[in-house]
Number of protein chains: 2
Amino acid sequence: MAEWQRTHTCDELREEHVGQTVTLNGWVLTDRKYGKQIFIDLRDRYGLTQVVFEADNADLFTRAGELKSEWVLSVTGVVRKRLEGATRADIATGAVEVEARTLRVLNQCPTLPFEISEFGTELANEDLRLQYRYLDLRRRSIQKVLVLRHRLCKVIRDFMDGHGFLEVETPLLGKSTPEGARDYLVPSRVFNGEFFALPQSPQLYKQLLMIAGYDRYFQIARCLRDEDLRADRQPEFTQLDVEMSFVEREDVIGIMEKLAAEVFDKCLGVTLPLPFPRLSYAEAMAKYGSDKPDLRFGLEIVDVTEIAAASEAKFFQDAVAAGGVVRAINAKGAAAAQDAKKAPLFSNTALKPGGELAKVAETYKAKGLAWMKVEAGKLTGSIEKFFSDGLKAKLVERLGAADGDLLLFVADSEAVACDALGALRGHLATRLKLYKNWWEEKAEHDEAEKKKADAAKKRKEQYAPVPFQPRPEHFNFLWVLDFPMFGWDAEENRWAAMHHPFTAPMDDDLPHFFQNEGLGKVRAKAYDMVLNGYEVGGGSIRIHRQDVQSRVFEILGMTPEDAQARFGFLLDALKSGAPPHGGIALGLDRWSMILAGTTNIRDVIAFPKNQKARDLMTGAPAAVDARQLKELGVKLS
Amino acid sequence: MAEWQRTHTCDELREEHVGQTVTLNGWVLTDRKYGKQIFIDLRDRYGLTQVVFEADNADLFTRAGELKSEWVLSVTGVVRKRLEGATRADIATGAVEVEARTLRVLNQCPTLPFEISEFGTELANEDLRLQYRYLDLRRRSIQKVLVLRHRLCKVIRDFMDGHGFLEVETPLLGKSTPEGARDYLVPSRVFNGEFFALPQSPQLYKQLLMIAGYDRYFQIARCLRDEDLRADRQPEFTQLDVEMSFVEREDVIGIMEKLAAEVFDKCLGVTLPLPFPRLSYAEAMAKYGSDKPDLRFGLEIVDVTEIAAASEAKFFQDAVAAGGVVRAINAKGAAAAQDAKKAPLFSNTALKPGGELAKVAETYKAKGLAWMKVEAGKLTGSIEKFFSDGLKAKLVERLGAADGDLLLFVADSEAVACDALGALRGHLATRLKLYKNWWEEKAEHDEAEKKKADAAKKRKEQYAPVPFQPRPEHFNFLWVLDFPMFGWDAEENRWAAMHHPFTAPMDDDLPHFFQNEGLGKVRAKAYDMVLNGYEVGGGSIRIHRQDVQSRVFEILGMTPEDAQARFGFLLDALKSGAPPHGGIALGLDRWSMILAGTTNIRDVIAFPKNQKARDLMTGAPAAVDARQLKELGVKLS
């Protein structure tokens with residue numbers, strides 16, 4: 001071991017080490033000079049240790065005075081107890097410090113483009129932080145996230161291995177089979193004019209592994225989609241990809257619930273109650289206007305078509321006459337709710353076209369938002385007049401309306417009414433603070449603990465903040481089942497697969513499936529795992545019959561020749577002894593975000609792209625040499 | 001659970017299950033009809049179970065008679081003991097069979113393009129097997145390899161996690177920084193005319209993680225190189241990528257030796273002796289003519305320059321006068337060695353220009369191969385006459401020559417002599433059978449065990465073959481150290497990095513490094529892990545000083561502007577508080593091959609490409625839609 005190499009990390013020293021000569025390696029986090037002493041907090045991945053330079057060692061003291069933030073040091077010294085009152089209860093090494101005897105500067109640095117901020121300080125602009133990602137990655141909060149992500153993957157692999165799943169790597173260089181999202185393409189140098197596609201998922205490979213008899217497969221797999229990025233999307237993402245043979249839906253659901261419980265136990269110390277509740281797609285859409293409803297709050301959508309149609313309101317009558325529906329949400333207490341300044345949370349302006357609430361509905365294509373309030377036992381508002389007392393009583397009963405409630409109505413096609421009210425439901429829950437994300441509760445908790453610590457400090461006492469412990473109620477898991485197999489794509493004027501074209505139809509719906517009538521009614525053996533309103537997993541029982549798979553391709557508008565050219569290998573494989581099989585994929589970026597308590601996907605990825613899919617650190621993508629393009633047989637157009 | 005679903009796998013039933021009603025799922029491996037009984041071996045990933053259909057259940061018996069190889073079945077029946085004499089000692093379920101009561105055919109298939117061969121039967125043509133890869137993957141031998149590969153990765157991850165390494169994912173879409181192999185490129189749709197590059201390794205990202213303070217990183221990472229394929233190469237490969245901060249060479253070597261020991265213990269039951277021996281690059285080249293020598297056999301290269309130069313042989317004198325060397329190998333016993341037909345293994349023809357042995361030397365650019373034999377205590381051969389008795393005695397002593405030996409000489413530049421004799425050394429070892437790969441020994445062992453089992457069968461006895469156990473001697477590990485930092489690239493007329501441009505020079509050699517003289521003498525802090533003549537790992541201590549890194553780029557011929565444009569982010573990072581760091585990468589495909597006992601890289605990859613980098617199953621690469629290209633701003637040239 002070289003002289004400069006550490007004997008301990010910056011998180012290891014305790015009172016039992018007092019008197020020992022040790023060497024630490026790390027970065028200068030902070031330095032403070034008090035007359036005859038210079039104190040340095042030395043930081044590494046593991047923790048902090050205080051290093052003291054005493055003025056009586058003049059040369060060392062001078063050199064210590066020149067140290068700057070983020071310089072890399074090797075310090076050899078003797079461990080000693082901190083003075084009474086100088087101990088820290090909030091770090092593991094807080095009882096001791098190292099009195100420096102030898103200082104080696106392993107690397108210097110000028111002032112950096114921004115400060116390595118910790119909690120509570122303002123972060124620099126995100127573009128700047130992405131450009132100097134290696135500096136931003138020094139933040140303790142990001143380090144914790146990447147440690148957690150490592151732990152998540154380890155727990156998953158231990159679990160899958162323990163349950164007989166084999167991790168098998170599938171190719172990155174595959175075939176482009178346009179269906180769904182856009183592929184990233186890779187030109188072939190050997191076969192000019194031909195391209196590989198990077199995988200959107202290992203779907204077909206994992207099915208082929210089942211056909212090959214591997215029985216239980218998994219992979220933590222990198223996938224890529226060349227889509228325009230939303231806030232929570234990246235061009236590359238990681239999924240836990242799972243496939244099982246000789247299974248039904250219940251087998252996949254059962255094993256995934258166990259996995260989720262293991263992950264939450266090992267990563268967050270939370271015991272999830274099993275089994276997860278279930279909703280059919282139809283029920284989820286009708287009650288919550290979403291196929292991934294957040295059930296941490298109520299605000300259920302209620303059908304009031306019959307009552308509204310009987311009213312004098314022409315817009316209700318017309319909608320129903322056109323085959324539409326009238327649906328409503330009772331926003332409990334929303335009419336009486338006030339903001340911090342005691343003003344109404346939702347004024348009438350919020351309800352007018354273009355107003356806060358109406359706009360949400362309009363965004364989801366609702367033609368308008370009708371409303372009533374309940375005040376002093378009476379319904380009020382501009383549409384109240386269209387309702388007889390009898391109808392009003394029915395409405396109040398159906399919606400469980402009471403004083404202070406705000407009743408919101410959308411009259412439209414069922415799909416639009418569900419979508420619009422589903423979006424309103426989410427919006428209202430946020431504004432009415434009907435739920436709290438666990439990290440929001442943690443922030444409040446930490447703030448309170450910090451106050452206690454500060455108060456203790458004033459009393460010259462120590463206070464070790466109590467860490468926050470998330471609870472099962474913070475995590476609302478459910479399964480959404482019985483999805484429709486096909487959705488009508490009005491733009492392309494054809495049926496599209498709701499999950500993907502390899503999902504099996506329900507056995508009971510096979511008669512419909514093989515006819516051309518009622519294809520919209522065919523349900524798929526698909527299932528989504530939903531957590532707090534996010535789809536955190538999706539899967540299905542797959543088609544293992546070649547005739548069924550061919551029929552799906554036909555329904556999707558492919559000629560037999562098309563299907564053969566694009567998916568011939570799958571069709572061949574299905575008539576080579578394919579077992580019944582099914583699986584699921586879980587989005588690990590999303591899982592990491594929820595477990596880490598962040599809403600920024602770039603926090604859980606070491607080297608993310610920005611929203612234009614550019615890596616601001618390396619500058620990728622970038623121009624390449626003409627020679628490279630020539631070899632690939634492509635030119636810029 | 002559905003009625004057809006298995007209660008047990010095909011490897012679970014034992015005598016204790018006799019009398020139980022069970023359901024099995026699997027594939028028809030073989031079927032045999034004996035009068036009133038039909039026997040089916042049902043196969044799944046886990047094993048085999050014999051199923052019997054009795055003629056007294058007429059309907060079932062008829063249907064069983066129609067079953068074909070590779071059909072997928074669900075069979076419900078009762079477990080019973082096999083008849084005396086019909087038990088099998090070679091499979092775990094060999095004591096019992098299942099008397100079928102219910103048969104469900106889950107999927108049928110026509111006759112397949114080739115038989116799913118097991119050991120000992122002829123394999124179909126590899127192209128056909130790659131086209132129907134999902135069928136070839138059904139072979140038990142390939143299944144075992146993929147199970148082993150899963151185990152290898154699991155053991156590695158457990159070990160790395162246990163030693164404080166974090167697995168961090170690095171991007172697939174990166175920047176093209178041409179240096180070394182050819183990049184696979186990915187056109188950007190957002191920034192037309194710009195390209196991502198797929199990673200040849202996560203080298204720079206892992207260094208940036210060290211600079212960011214992550215301390216111990218690893219990743220089982222997919223890497224890609226667009227190179228013409230050799231037999232043991234694939235466009236995609238997988239490496240264990242490791243990086244550590246505040247380390248010296250010994251730290252990396254130490255942890256990797258422990259990892260290797262863990263892997264061999266857990267995957268093969270072999271206890272490797274630690275530490276591994278070490279050789280300097282200079283010694284490896286001089287003694288073995290290779291920087292990855294196979295030390296399972298001797299045949300060391302010996303310097304005889306002085307003796308040869310003193311002889312009358314003009315070709316020796318000339319070579320030495322031109323600054324060259326004369327090196328020799330004593331191929332012990334090779335002169336006397338005979339082939340199976342008792343003919344000399346190496347006739348004089350093999351030694352003439354273009355002959356078997358001479359050709360090996362010529363391939364490596366030697367101008368010729370000189371030789372002598374030792375017969376009845378005397379040196380013989382056409383060049384014997386150039387040597388005086390005194391020189392002959394010196395030669396015999398220097399080379400330890402004895403009756404039956406063949407002495408081979410190459411006079412050339414040191415590099416050519418080492419290369420040529422190194423190649424000859426390997427060739428001779430194979431021909432003289434100086435070593436056996438463990439799988440070759442296993443094949444002999446298995447053959448012998450099979451004979452015992454067959455003999456036992458004739459005696460109407462059972463014999464359970466003893467499994468082969470590899471031994472530590474089968475695995476010759478060593479470290480090669482002290483590589484030159486730069487090699488002269490005569491083609492490009494510039495210095496090139498021997499390892500990669502981020503490798504640190506030896507501290508003692510820094511004076512040379514900063515001058516322009518003696519760059520060829522600068523040694524690098526690089527190290528290779530070698531196993532049985534294969535490089536199974538390579539790494540180095542990296543440059544953590546910005547001035548040193550800039551100097552390397554300068555030596556490699558980059559202008560400061562070039563260096564900044566291509567590697568500016570690295571140069572910036574190195575002056576942001578970079579700690580000393582180093583690491584290594586292990587080629588997991590090669591590790592899998594050695595552990596699995598195969599010399600075909602396609603055996604250890606689930607879905608490999610052929611030697612033209614084409615996937616014969618999906619047909620990738622393939623033509624894509626004009627619309628896709630248009631979006632990417634490229635056209636075919």
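Residue numbers begin at 1 in each chain, while the letters A, B, ... track the order of the sequences.
Interatomic distance, CG of A:Leu73 versus CZ of A:Arg43, reported as 11.0 Å (0.5 Å rounding). Going from atom CZ of B:Arg249 over to atom CG of B:Asp251 covers 11.0 Å, rounded to the nearest 0.5 Å. Between the CG atom in A:Asp625 and the OG atom in B:Ser176 there is a gap of 7.5 Å [rounded to 0.5 Å].
Under 4.0 Å is where a charged nitrogen must lie from a carboxylate oxygen, and between A:Glu70 and A:Arg138 at least one such pair does. Classification of A:Arg216 and A:Asp161 as a salt-bridged pair fails, no side-chain N sitting under 4.0 Å from a carboxylate O.
Contacts of A:Asp228 with chain B are made by both backbone and side-chain atoms, with heavy-atom separations under 4.5 Å. Residue contact with chain B, scored on non-hydrogen atoms closer than 4.5 Å, is absent for A:Leu204. Looking at B:Met210, the atoms closer than 4.5 Å to chain A (heavy atoms on both sides) all sit in the backbone: N, CA, C or O. The contact between B:Ser576 and chain A is made by backbone and side chain atoms together, counting heavy-atom distances below 4.5 Å. Heavy-atom distances place the side chain of A:Pro235, and not its backbone, under 4.5 Å from chain B. In this structure, chain B has no heavy atom under 4.5 Å from any part of A:Trp71. Proximity to chain B (any heavy atom under 4.5 Å) is shown, for A:Leu185, by both the backbone and the side chain. Proximity to chain A involves both the backbone and the side chain of B:Asn25, based on heavy atoms less than 4.5 angstrom apart.
Counting heavy-atom pairs closer than 4.5 Å to chain A, the top-ranked of the candidates B:Asp615, B:Val190, B:Val624, B:Leu172 is B:Leu172. In terms of non-hydrogen atom pairs under 4.5 Å with chain B, the most contact-rich of A:Lys609, A:Gln131, A:Arg545, A:Arg614 is A:Arg614. Ranked by non-hydrogen atom pairs under 4.5 Å with chain B, the options A:Arg45, A:Lys175, A:Gln108 are led by A:Arg45.
Aromatic ring pairs are classed by plane angle as parallel below 30°, tilted from 30° to 60° and perpendicular above 60°; the pair A:Tyr132 and A:Tyr134 is perpendicular.
Side chains of B:Gln219 and B:Thr170 form a contact here, defined as non-hydrogen atoms less than 4.5 Å apart.
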